[in-house]
Amino acid sequence: QVQLVESGGGLVQAGGSLRLSCAASGRTFSEYAMGWFRQAPGKEREFVAAISWTGGTTYYKDSVKGQFTISRDNAKNTVYLQMNSLKPEDTAVYYCAAKYRGVVPTTPNGYVHWGQGAQVTVSS
C-alpha cells in the first residue's frame with residue numbers, strides 16, 4: 001500500500017512558477033511509476049506528466065512540454081512537478097498517483113493510488 005501526500009500548491013500570478021511535491025509512504029517507492037493529473041472545475045481529470053519507476057523515462061501532455069518538468073528522488077520517496085510560465089488555464093487541483101512497476105499509464109484508470117490533491121490557482 002502506498003499513501004501519497006501532495007504539497008506546494010497555491011496562488012501565483014500568470015508567468016510565475018510553482019513546484020509541487022508528492023511524498024509517498026512505504027519502502028518500495030522506487031518500484032512505482034508516478035503520474036501527475038489535474039482537474040479543473042467542471043472538467044474531467046486529465047493527464048499532465050508521468051515518470052517511470054526507474055526515473056529513466058518521462059511523459060508529458062503535449063501542451064505542457066517545455067513548461068512542466070517531472071522528476072523523482074527515490075531516496076526521499078518524493079516526486080516533483082516543476083511548473084514554469086504558468087497560465088490561468090493551468091488552474092486546477094493537481095493530483096499525484098502511483099502504479100506498481102510495468103507500463104507507465106497516461107490515463108487516470110491506470111493508477112491505483114492517489115493523493116488528496118493540491119490546489120493551484122493562476123491569476124491573470
Side-chain angles (χ1 to χ4, degrees):
Q1 185 74 8
V2 176
Q3 293 185 325
L4 306 172
V5 179
E6 300 97 335
S7 62
L11 174 64
V12 64
Q13 288 188 331
S17 297
L18 282 174
R19 187 177 79 157
L20 300 180
S21 300
C22 174
S25 64
R27 294 177 295 175
T28 60
F29 172 75
S30 61
E31 296 183 85
Y32 283 80
M34 301 297 296
W36 283 99
F37 291 78
R38 66 187 181 188
Q39 188 165 18
K43 295 188 177 181
E44 293 187 351
R45 191 168 298 189
E46 66 173 2
F47 170 74
V48 174
I51 188 166
S52 63
W53 56 283
T54 65
T57 307
T58 56
Y59 307 83
Y60 294 95
K61 176 182 172 65
D62 285 346
S63 63
V64 305
K65 287 179 181 177
Q67 180 190 1
F68 291 3
T69 303
I70 188 171
S71 62
R72 66 189 299 157
D73 185 339
N74 287 343
K76 296 182 178 180
N77 281 14
T78 302
V79 63
Y80 304 98
L81 185 68
Q82 177 67 44
M83 305 184 292
N84 298 327
S85 302
L86 284 162
K87 309 167 189 174
E89 51 264 42
D90 294 317
T91 294
V93 177
Y94 284 70
Y95 298 89
C96 70
K99 185 248 182 184
Y100 185 72
R101 293 203 175 195
V103 175
V104 180
T106 58
T107 59
N109 58 12
Y111 290 86
V112 176
H113 308 285
W114 290 86
Q116 83 289 350
Q119 177 69 48
V120 171
T121 303
V122 184
S123 63
S124 57

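All values below come from the heavy atoms of this structure, side chains included, with hydrogens, waters and symmetry mates left out.
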[atom1] of [X] to [atom2] of [Y]: how many Å apart, nearest 0.5 Å?
X    : Y    : atom1 : atom2 : value
H113 : Q1   : NE2   : CD    : 5.5 Å
Q67  : K61  : CD    : NZ    : 11.0 Å
E46  : Q39  : CD    : CD    : 9.5 Å
D73  : S30  : CG    : OG    : 11.5 Å
L11  : Q119 : CG    : CD    : 9.5 Å

Query raised in the report: In the hydrophobic clustering that connects Ile, Leu, Val, Met, Phe, Trp and Tyr at side-chain heavy-atom distances below 4.5 Å, which members other than V2 occupy its cluster, ordered by chain and number?
Result: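 Joined to V2, directly or through intermediates: L4, V12, L18, L20, F29, Y32, M34, W36, V48, I51, Y60, V64, F68, I70, V79, L81, M83, L86, Y94, Y100, V120, V122.
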Check whether [X] reaches the backbone of [Y] with its side chain - one donor and one acceptor, N or O, closer than 3.5 Å.
X   : Y    : answer
E6  : Q116 : yes
S52 : T57  : yes
K99 : R101 : yes
R72 : A33  : no

**Report entry** Heavy-atom closest pair, residues D62 and K65
**Finding:**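 For D62 and K65, the tightest heavy-atom pair comes out as OD1-NZ, 3.1 Å.
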Requested in this report: Provide the closest heavy-atom pair for A14 versus S124 in the form atom of the first, atom of the second, distance.
Outcome: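 In this case the closest contact between A14 and S124 is CB-CA, 4.4 Å.
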Report task. Under the side-chain contact (heavy atoms from CB on, under 4.5 Å) rule, what do Q82 and N84 come out as? Steps first, then yes or no, please. Result -> CA-CA 7 Å; Q82 177 67 44; N84 298 327; 2.9 Å; yes
**Report entry** Stacked cation flag R19 on Y80, 6.0 angstrom / 45 deg
**Finding:**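 Judged by the rule, R19 and Y80 form a cation-pi pair.
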Query raised in the report: Would you say Q3 has more than 12 foreign heavy atoms packed within less than 6.0 Å of its CD?
Result: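 Atom CD in Q3 is not packed in, count stays at 12 or less.
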**Report entry** Ion pair check, K87 and D90, cut-off under 4.0 Å
**Finding:**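 Salt bridge: no.
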Please list every donor-acceptor pair under 3.5 Å in which a side-chain atom of residues 104-112 meets a protein atom from a residue at least two apart or in another chain.
| unit_1 | atom_1 | unit_2 | atom_2 | d |
| --- | --- | --- | --- | --- |
| T107 | OG1 | N109 | OD1 | 2.8 |
| Y111 | OH | P105 | O | 2.7 |

